Amino acid sequence: ELVRQGEALKRTEQMVDKMDQDLKTSQRHINSIKSVWGGLVNYFKAKPPESKPEQNGAPEYCANSRLKEAMMSSKEQESKYQESHPNLRKLDDSDNDFNKADLVSSVQRDAYPKNQQLRAYHQKIDTNLDEMSSGLSRLKSLALGLQTEIEEQDDMLDRLTKKVETLDVNIKNTDRKVRQL
């Protein structure tokens with residue numbers, strides 16, 4: 001959603017720039033209409049270069065790299081997370097949890113209690129904590145990516161606000177000049 005909003009902001013900024021360019025062109029026409037001298041000045045004055053509105057081949061809005069990386073890693077981890085989540089995995093795996101205790105290396109085996117059921121519960125808790133840690137790191141990277149994206153869009157909004165305020169003043173001046181004609 002944040003990326004979509006960034007794209008909308010970019011398009012809005014391009015439209016405001018186009019409106020500003022059109023306003024400058026209309027100002028030249030008003031000067032030509034207003035007096036002969038204004039027409040002569042515009043005739044000899046270099047015409048402003050017309051920038052064509054960007055079409056489909058134009059560069060699109062690009063979210064920041066931190067957010068892109070976070071989204072990609074999150075999508076990669078999503079399937080792994082769903083496989084291991086207790087509410088999302090198949091119920092057949094409940095018998096295998098106790099069999100996983102047999103696969104633990106001898107080094108890890110010494111860290112757990114001697115009782116096999118207690119060992120299995122400790123291992124299950126460790127596994128769950130590892131999954132929680134992985135999920136939290138994923139959330140952290142997404143949050144940092146979102147923070148960076150929001151800061152960039154905030155800067156874009158500040159620029160856009162200044163452009164719109166300037167454009168508003170110019171439109172009012174141009175409207176006043178047209179009414180005087």
Side-chain angles (χ1 to χ4, degrees), residues 1-34 38 41-42 45-90 125-181:
E1 181 67 19
L2 203 55
V3 172
R4 186 192 64 74
Q5 290 175 356
E7 292 170 352
L9 280 173
K10 184 67 174 175
R11 283 192 306 271
T12 304
E13 190 172 19
Q14 290 171 348
M15 288 189 300
V16 168
D17 290 340
K18 174 73 170 105
M19 289 171 67
D20 188 44
Q21 181 182 357
D22 291 345
L23 193 60
K24 288 177 184 176
T25 303
S26 66
Q27 185 63 39
R28 287 176 50 93
H29 292 302
I30 289 172
N31 288 342
S32 295
I33 292 171
K34 202 171 185 181
V41 168
N42 283 340
K45 196 178 199 181
K47 291 185 179 180
E50 287 192 29
S51 63
K52 297 179 182 177
E54 296 182 8
Q55 301 298 326
N56 293 337
E60 295 181 7
Y61 174 79
C62 186
N64 69 16
S65 60
R66 192 175 209 175
L67 180 61
K68 281 183 178 179
E69 289 172 9
M71 288 172 51
M72 292 299 292
S73 68
S74 178
K75 287 179 182 179
E76 290 171 3
Q77 292 178 2
E78 186 175 355
S79 62
K80 182 180 175 184
Y81 172 73
Q82 287 181 355
E83 289 172 3
S84 65
H85 192 277
N87 292 334
L88 298 176
R89 64 180 168 211
K90 295 179 184 176
I125 288 171
D126 285 347
T127 304
N128 288 343
L129 287 173
D130 289 342
E131 290 174 6
M132 287 174 59
S133 173
S134 152
L136 287 173
S137 68
R138 186 176 123 217
L139 285 174
K140 179 184 176 186
S141 66
L142 282 171
L144 290 173
L146 289 172
Q147 176 190 8
T148 308
E149 181 69 20
I150 288 171
E151 288 171 353
E152 288 178 4
Q153 287 187 18
D154 190 38
D155 293 341
M156 192 182 303
L157 280 170
D158 289 342
R159 274 194 329 265
L160 189 58
T161 302
K162 289 175 186 174
K163 286 181 180 182
V164 168
E165 288 172 353
T166 303
L167 187 64
D168 184 46
V169 169
N170 290 341
I171 287 174
K172 287 179 182 175
N173 288 339
T174 303
D175 185 47
R176 184 177 41 82
K177 288 178 182 178
V178 167
R179 290 185 189 277
Q180 287 176 352
L181 289 177

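It should be emphasised that the depicted structure is a prediction, and the values quoted were computed from it without experimental measurement. Residue indices begin at 1 and follow the sequence shown.
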Checking salt bridge (charged side-chain N to carboxylate O under 4.0 Å, His left out) for the pair D22/K18: CA distance, chi angles, key distance, verdict?
-> CA-CA 6 Å; D22 291 345; K18 174 73 170 105; 2.8 Å; yes
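To the nearest 0.5 Å, atom CD1 of residue I150 and atom CD of residue Q5 are 9.0 Å apart. The CD atom of E1 sits 11.5 Å away from atom CG of L146, with the distance rounded to the nearest 0.5 Å. Distance check, rounded to the nearest 0.5 Å: CE of M132 to CG of L139 gives 11.0 Å. Rounded to the nearest 0.5 angstrom, E165 CD and L160 CG are separated by 10.0 Å. Of the inter-residue distances, the one linking L9 atom CG with R4 atom CZ reads 10.0 Å to the nearest 0.5 angstrom.
Here the shortest heavy-atom pairing between I171 and L23 reads N-CD2, 3.7 Å. A pairwise comparison of heavy atoms in K10 and M156 identifies N-SD, 3.9 Å as the closest pair.
For the salt bridge (Lys or Arg N to Asp or Glu O under 4.0 Å) test, no residue two or more places apart in sequence or in another chain qualifies with R11. Partners of D154 according to the salt bridge (Lys or Arg N to Asp or Glu O under 4.0 Å) rule, which considers only residues two or more places apart in sequence or in another chain, do not exist here. Applying the side-chain hydrogen bond (donor to acceptor under 3.5 Å, both in side chains) test to D17 and every residue at least two apart in sequence or in another chain returns K163. For D158, there are no salt bridge (Lys or Arg N to Asp or Glu O under 4.0 Å) partners at least two apart in sequence or on another chain. In this view, K162 satisfies the salt bridge (Lys or Arg N to Asp or Glu O under 4.0 Å) rule with no residue, not counting sequence neighbours.
In this structure a side-chain-to-backbone donor-acceptor pair under 3.5 Å is missing from S133 to L129.
Salt bridge D155/R159: absent, no basic N to carboxylate O contact under 4.0 Å.
Side-chain atoms of E152 and E149, non-hydrogen and from C-beta on, do get closer than 4.5 Å to each other.
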Under 3.5 Å donor-acceptor pairs involving side-chain atoms of residues 174-181, not counting sequence neighbours:
unit_1	atom_1	unit_2	atom_2	d
T174	OG1	N170	O	2.8
D175	OD2	R179	NE	3.2

